[in-house]
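Just so you know, these numbers use all the heavy atoms, side chains as well, and skip hydrogens, waters and symmetry mates.
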Amino acid sequence: NYFMDYYKWHVIVTVAIIVSVISLGYQIISRKDTAFCAALINGIELTSAEEYIQSFAEYAGIDLEEYDVLLDTTMRIDLNNLDQITISSSEKLMAFIAAKNLDVLITDAQIMEQYANNDTFMDLRNFLSEEQYARYESNFYYIDQAVVDEKNAHYSNLDQNYVPVYPDPRNPDAMRDPIPVGIYLDDTSNLRNYYYYDEGDVIVGVVGNMERSETTSLFLDFILQ
């Protein structure tokens with residue numbers, strides 16, 4: 001009774017602190033650097049991604065004992081319904097990009113248009129090798145930089161009534177300043193064997209501030225083989 005009256009909470013708090021310190025220390029010691037990270041917006045795992053990640057790691061020469069390969073399918077964004085899930089997912093995506101933790105974004109056409117026309121992705125002319133460019137050019141997703149510049153000018157002048165009209169992303173000939181920022185995934189892409197998407201096109205884009213260019217390039221080749 002004496003112990004329960006005077007020392008119970010001291011012991012509970014002490015044990016809680018010890019457990020927290022041990023847990024934090026274990027996480028720090030066991031934490032692995034990230035070799036590659038992709039966000040699959042509105043993507044759903046049909047089966048475990050572990051086998052797919054293992055296959056890519058072997059292809060890219062990544063030791064999963066030392067490094068992580070992340071395919072994040074937790075973000076759901078519906079531009080027609082700004083619910084809490086959409087808001088939190090958008091914030092998470094922006095945090096990933098701002099921290100330079102994201103290499104590739106894979107999503108449907110509606111989400112791609114939203115982010116592609118807001119300076120999210122890299123100009124593929126400055127990223128792909130000549131061989132890759134020739135191989136994937138027929139499936140490029142384009143933006144018209146002239147339209148983007150006009151939109152930014154209107155928004156800078158606080159013209160909130162301006163609604164940009166984006167041209168067909170598959171038709172660079174109809175654009176004044178076409179820039180390839182994505183690649184359509186056709187039915188031959190092995191990524192579709194593991195993830196389900198809403199009806200319509202699926203596009204992969206390289207995030208503009210990513211820092212793992214070699215692994216990202218290998219990932220593009222891996223999923224587009």
Side-chain angles (χ1 to χ4, degrees), residues 37-43 72-73 75-83 85-128 132-133 136-186 189 191 195 197-211 213 216-217 219-220 223-224:
C37 179
L40 294 94
I41 309 300
N42 299 333
D72 191 311
T73 60
M75 288 176 267
R76 303 281 181 270
I77 297 177
D78 183 355
L79 298 179
N80 299 315
N81 180 23
L82 297 181
D83 57 11
I85 295 176
T86 292
I87 293 173
S88 61
S89 295
S90 299
E91 291 175 347
K92 178 180 178 180
L93 179 60
M94 289 298 97
F96 267 46
I97 294 174
K100 299 182 180 181
N101 286 334
L102 188 63
D103 302 303
V104 163
L105 192 154
I106 305 170
T107 190
D108 55 60
Q110 185 184 34
I111 304 300
M112 185 68 182
E113 180 182 84
Q114 174 72 18
Y115 286 96
N117 290 284
N118 285 284
D119 301 322
T120 302
F121 299 108
M122 185 174 293
D123 183 341
L124 294 179
R125 296 173 299 184
N126 301 326
F127 178 75
L128 300 177
Q132 288 175 316
Y133 194 94
Y136 306 134
E137 185 177 8
S138 61
N139 283 337
F140 278 168
Y141 177 103
Y142 293 87
I143 62 169
D144 190 341
Q145 188 61 44
V147 175
V148 173
D149 292 341
E150 288 177 357
K151 178 201 70 172
N152 293 337
H154 278 275
Y155 288 175
S156 296
N157 292 327
L158 303 180
D159 181 4
Q160 299 300 323
N161 295 321
Y162 174 76
V163 179
V165 178
Y166 300 120
D168 181 356
R170 287 186 182 271
N171 186 13
D173 294 334
M175 300 179 182
R176 287 172 284 169
D177 185 10
I179 297 177
V181 296
I183 304 172
Y184 285 93
L185 302 184
D186 58 26
S189 168
L191 193 64
Y195 297 91
Y197 299 89
D198 294 334
E199 293 182 6
D201 295 317
V202 179
I203 305 102
V204 54
V206 178
V207 177
N209 66 349
M210 67 87 205
E211 296 182 333
S213 57
T216 299
S217 178
F219 183 76
L220 292 181
I223 66 173
L224 293 167

message: So Leu40 and Asp72, do their side chains get closer than 4.5 Å, heavy atoms only?
response: no
query: Does a side-chain heavy-atom distance below 4.5 Å link Gln145 with Glu150?
result: no
message: Within the structure provided, determine whether Phe96 and Glu91 are in side-chain contact (heavy-atom separation under 4.5 Å).
response: no
message: Using a 3.5 Å distance criterion without hydrogens, assess whether the side chain of Ser89 forms a donor-acceptor pair with backbone atoms of Arg76.
response: yes
- prompt: Any side-chain heavy atom of Tyr141 within less than 4.5 Å of one from Val181?
  reply: yes
query: Is there a donor-acceptor pair closer than 3.5 Å between any side-chain N or O of Asp144 and the backbone N or O of Arg176?
result: yes
- prompt: How long is the span from the CG atom in Asp78 to the CG atom in Asn42, to the nearest 0.5 Å?
  reply: 7.5 Å
Side chain proximity check, Ile41 to Leu105, heavy atoms < 4.5 angstrom: yes
query: Where is the tightest heavy-atom contact between Val147 and Pro167, given as atom of each residue plus distance?
result: CG2-CD, 4.2 Å
field: Main-chain N/O of Ile97 paired to Asn101 side chain as donor or acceptor, under 3.5 Å
entry: no
message: If we ignore hydrogens and angles and just use 3.5 Å, is the side chain of Thr86 paired with the main-chain N or O of Asn81 as donor and acceptor?
response: yes
- request: Without swapping roles, check the side chain of Ser156 against the backbone of Asn152 for a donor-acceptor pair under 3.5 Å.
  value: yes
- line: What one should report as the nearest heavy-atom pair of Met210 and Val206 is CG-CG1, 3.8 Å
message: Taking the six-membered ring for Trp, are Tyr133 and Phe140 closer than 6.0 Å centroid to centroid?
response: yes
- prompt: Can you name the closest pair of heavy atoms from Pro180 and Tyr142 and give their distance?
  reply: N-CD2, 3.6 Å
query: Would you say the side chain of Glu113 lies within less than 4.5 Å of the side chain of Ile143, judging by non-hydrogen atoms?
result: no
- request: Could you tell me whether Leu79 atom CG has more than 12 heavy atoms of other residues or ligands within 6.0 Å of it?
  value: yes
From SG (Cys37) to NZ (Lys100), nearest 0.5 Å: 15.5 Å
statement: Residues Ser90 and Ile77: closest non-hydrogen pair is OG-CD1, 3.8 Å
- request: Might you work through the side chain to side chain contact (heavy atoms under 4.5 Å, CB included) test for Val202 and Thr107, ending with a clear yes or no?
  value: CA-CA 6 Å; Val202 179; Thr107 190; over 6 Å; no
- prompt: Can you tell me how far the CZ atom of Phe127 sits from the CG atom of Leu220, to the nearest 0.5 Å?
  reply: 5.5 Å
field: Whether Asp201 side chain and Ala109 backbone form a donor-acceptor pair below 3.5 Å
entry: no
field: Within-4.5 Å side-chain heavy-atom neighbours: Asp103 and Val207
entry: no
- prompt: Given the rule in the side chain to side chain contact (heavy atoms under 4.5 Å, CB included) test, do Ile106 and Leu185 qualify, once you have shown the distances and angles that lead to the verdict?
  reply: CA-CA 9 Å; Ile106 305 170; Leu185 302 184; 4.0 Å; yes
- prompt: Please walk me through it: do Met112 and Asp108 pass side chain to side chain contact (heavy atoms under 4.5 Å, CB included)?
  reply: CA-CA 6 Å; Met112 185 68 182; Asp108 55 60; over 6 Å; no
field: Check: Asn117 main-chain N/O paired with Lys151 side-chain donor or acceptor under 3.5 Å
entry: yes
field: Test ring-ring contact (aromatic ring centres under 6.0 Å, His included) applied to Tyr136 - qualifying residues, sequence neighbours left out
entry: none
query: With a 4.0 Å cut-off, would you call Glu137 and Arg125 a salt bridge?
result: no
- prompt: Do side-chain atoms of Asn126 reach the backbone of Met122 as a donor and acceptor pair under 3.5 angstrom?
  reply: no
message: How close do Ala39 and Met75 get, counting heavy atoms only, and between which atoms?
response: CB-CE, 3.6 Å
- prompt: Short question: side chain of Asn118, backbone of Thr120 - any donor-acceptor pair under 3.5 Å?
  reply: no
field: Note, Phe219 side chain near Ser217 side chain (heavy atom, < 4.5 Å)
entry: no
- request: Start with the C-alpha gap between Ile203 and Ile183, add the side-chain angles, then the distance that decides, and say whether side chain to side chain contact (heavy atoms under 4.5 Å, CB included) holds.
  value: CA-CA 5 Å; Ile203 305 102; Ile183 304 172; 5.6 Å; no
task: Enter the distance from Phe121:CZ to Tyr115:OH here, rounded to the nearest 0.5 Å.
output: 9.0 Å
